[in-house]
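Okay, so here's the structure we're looking at.
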Amino acid sequence: MTAKQNSETRFAGLPISPGVVLAKVCLFKQSRHNALPSYEVSGKGVDREKARLRKAREIVIERLDNLKSTVTERIGPAEAEIFVAQKMMLQDPVLCGEMDTAIDEGCNAERAITQTLDGYESQLAQLDDEYIKERASDLGELKRRLLDVLCNTSPSFQCSADSNCRRGNDRVVVTEELTPSVAMEIEDNGLLGFVTERGGKSSHAAILARALGIPAVSGIADIHNQIPCGTQVLLNGNTGELVVRPSAETKSAAAEYISTPKALEVVEPVEQYTVMANISIAAEVKLAIEMRAEGIGLYRTEFEFFAAGSALDEDQQYELYLSAARAMEGRPVYFRMLDIGADKPLGELNLPKEDNPALGYRGARLLLGRPDLMRPQARALARVSRELPVHVMYPMITGLRQFRMLKGAFEEMTADMDSGRIYHGVMFEVPSACMEAQGLLEEVDFASIGSNDLIQYFFAVDRNNSIVSDDHHPDYEVFWRLLENLSLAANLAGTPLSLCGELAADVQYTDRLTACGIRAVSVSARRISDVRRAAAQAKPRRHVRSTN
Ligand code: PEP
Ligand code: MG
């Protein structure tokens, strides 16, 4: 179905954050270079365009060399071959000659690149040979790399800048996928909702929308190509329906459901159930404090990098972490060490392309493999610890051995510094770590259950994929047995254990969490009051094993 001009069109998607909103669309498109500068050149212009093209080629070659070294070192020489092949293409005299000829004939550099490479790419793509087809996609990749340099864009999302665009005003943002870096690019002032093509209920898009308290729907194929910027939509995050250009009747029927922003009500802490806040950037501490959070139970520090659009150095990290720790005035802040990779890529790191990134170079593995990334963070946190105690939490831990390696690396990286009290903790997100829970909990200072990833890896169900989203939920007895085992192990070891995945914010499970002995959770600040209300009503129960 397509959204026909002027007529109401309905799309069914996956509801990932509740609420109903009526607003105009702001479209974010991945930079596809589909609005490239195109102009005629002659005389000196020809030399200038050739020089631009030559410079772009040099930069891309340098980037390919860097990629080749990184991938050779991290994965292996065979996997790095793709970059060698791309470099050879870029140095190919015939190809280069054709691009120069196109400029001689009056094309600007951008047009010379697309004209030449598109021609080859479509010829190769038609041949019935897998190897040759791959070369065609290498050409497409090369084109993107050259245009990225020429147009000075990194592969990020850009508003298509249509004259009707609602950027900056009240708007629903429509995009293919709301990755963490895109999310951090979007100004949340006036942001009323999200529509995405990809992303399950536990995706970062969903987490962000719920944290902002705005409706979101995902899983609507190709939607970003079907709605022009500025089109009015009725977005229903309760049912997953998106109505494009709603009729007067549709709007009046929906009027009573449309969500109006409500002031947040503060609920004071309740007994026996500690409710902390999840934050992505230090600035969010303010709301956490307003909502009387009893700590920051998850500071997703990688989002500071996404917000900045690049890796932060030690000083920059120190300032942010110190401001968060100071603002919390002695309440704990669990600084999760950078959890980059898979659904949270950071372009600048030139991470290798992997067939299965969720099981690849990410989280704890990436920290161990990239001391250049871990060292500044460890040192920034050690500096904060001189003033306030610091909780360091390692993501995606697979077991005791990996925890020891990370803690050892942290201590080695900060050995020459004066440090204060540093607690080392882990996240339970990988089943193997849960199998080793007793040993781990006896050794760590604290731990937190990351139920978003734990469900993903326990049941082999992608948290980010709207197609399998119905299977990504905690309603399996075996999952609750796992939580109960973790909680029992923590009790036995006398180690604080909390839960910071989205499950903690869903009040239908609060009773069950308390029943299996979980006494501390961390949720987005907007959810704190609801969770406290639910906890206050939860039946007091002893810590008993379920029988099913
Ligand atoms: C989790 O996996 O449950 C978690 C809290 O971490 P994130 O959502 O950032 O992966
Ligand atoms: Mg996680």
Side-chain angles (χ1 to χ4, degrees), residues 16-17 178-181 183-184 199-212 216 275-281 284 288 293 295-307 333-346 357-367 391-398 402 406 425-434 446-465 469 472-474 479 482-483 486 497-506 509 513 518 520-525 527 531:
I16 57 173
S17 180
L178 194 63
T179 59
S181 37
M184 299 320 280
K201 285 184 182 142
S202 297
S203 64
H204 291 282
I207 293 174
L208 177 80
R210 291 195 293 263
L212 292 171
V275 187
M276 300 183 280
N278 291 349
I279 61 167
S280 298
I281 53 171
E284 289 174 25
I296 301 298
L298 171 64
Y299 181 175
R300 293 180 162 103
T301 59
E302 61 279 2
F303 279 75
E304 298 286 10
F305 285 35
F306 298 129
V333 180
Y334 293 2
F335 293 93
R336 183 183 54 200
M337 295 291 283
L338 296 165
D339 185 17
I340 292 175
D343 52 342
K344 287 181 279 189
L346 183 67
L359 305 182
Y361 198 39
R362 64 168 307 190
R365 268 183 216 123
L366 185 67
L367 288 171
H391 287 72
V392 175
M393 185 156 75
Y394 300 105
M396 306 297 299
I397 288 290
T398 54
Q402 206 180 41
L406 276 164
V426 291
M427 290 194 72
F428 282 109
E429 296 173 288
V430 181
S432 59
C434 301
F446 69 101
S448 186
I449 302 169
S451 52
N452 307 331
D453 277 314
L454 186 53
I455 292 173
Q456 158 161 271
Y457 293 112
F458 198 49
F459 297 107
V461 56
D462 187 348
R463 65 187 273 190
N464 219 28
N465 179 347
S469 185
H472 189 286
H473 60 74
F479 182 70
L482 181 74
L483 293 192
L486 291 175
L497 175 72
S498 51
L499 190 146
C500 61
E502 289 299 289
L503 163 59
D506 190 340
Y509 298 113
L513 285 173
I518 305 282
V521 293
S522 189
V523 300
S524 73
R527 302 290 305 143
V531 170

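It should be emphasised that the depicted structure is a prediction, and the values quoted were computed from it without experimental measurement. Ligands are counted one by one from 1 in listed order, and the atoms in each one are counted from 1 as well.
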Among Ile207, Asp339, Asn452, the residue with a heavy atom nearest to atom 3 (O) of ligand 1 is Asn452
Does ligand 1 have a heavy atom under 4.0 Å from the side chain of Ser451, from its backbone, from both, or from neither? backbone
Glu429: which N/O/S atom is nearest the Mg ion (ligand 2)? OE2
Quick check: does any side chain N or O of Thr301 sit under 3.5 Å from a backbone N or O of Arg336, one acting as donor and the other as acceptor? yes
Hey, is the main chain of Gly295 close enough, under 3.5 Å, to the side chain of Tyr334 for a donor-acceptor pair? no
The Mg ion (ligand 2) and Asp453: any N/O/S contact shorter than 2.8 Å? yes
Are any side-chain N or O atoms of Ser280 and backbone N or O atoms of Arg300, one a donor and one an acceptor, separated by less than 3.5 Å? no
Give yes if a backbone or side-chain nitrogen or oxygen of Gly450 is under 3.5 Å from a nitrogen or oxygen of ligand 1, and no if not. yes
Can you check whether His472's main-chain N or O pairs, donor with acceptor, with Arg463's side chain at less than 3.5 Å? no
Return the closest protein heavy atom for atom 6 (O) of ligand 1 as residue, atom name and distance. Arg336 NH1, 3.0 Å
Of all the heavy atoms in Lys344, does at least one lie under 4.0 Å from an atom in ligand 1? yes
Among all protein heavy atoms in this structure, tell me which lies nearest to atom 10 (O) of ligand 1, with the distance rounded to 0.1 Å. Arg463 NH1, 2.8 Å
Full working for side-chain contact (heavy atoms from CB on, under 4.5 Å) between Ile207 and Glu502: CA-CA 7 Å; Ile207 293 174; Glu502 289 299 289; 3.6 Å; yes
Lys/Arg N to Asp/Glu carboxylate O, Arg527 vs Asp506, below 4.0 Å: no
Any idea which heavy atoms bring Gly199 and Ile16 closest together, and the distance? O-CG2, 4.2 Å
Looking at ligand 1, is there an atom of it that comes within less than 4.0 Å of some heavy atom belonging to His204? yes
If we number the atoms of ligand 1 from 1 as shown, the ones under 4.0 Å from a heavy atom of Leu298 are 5 (C)
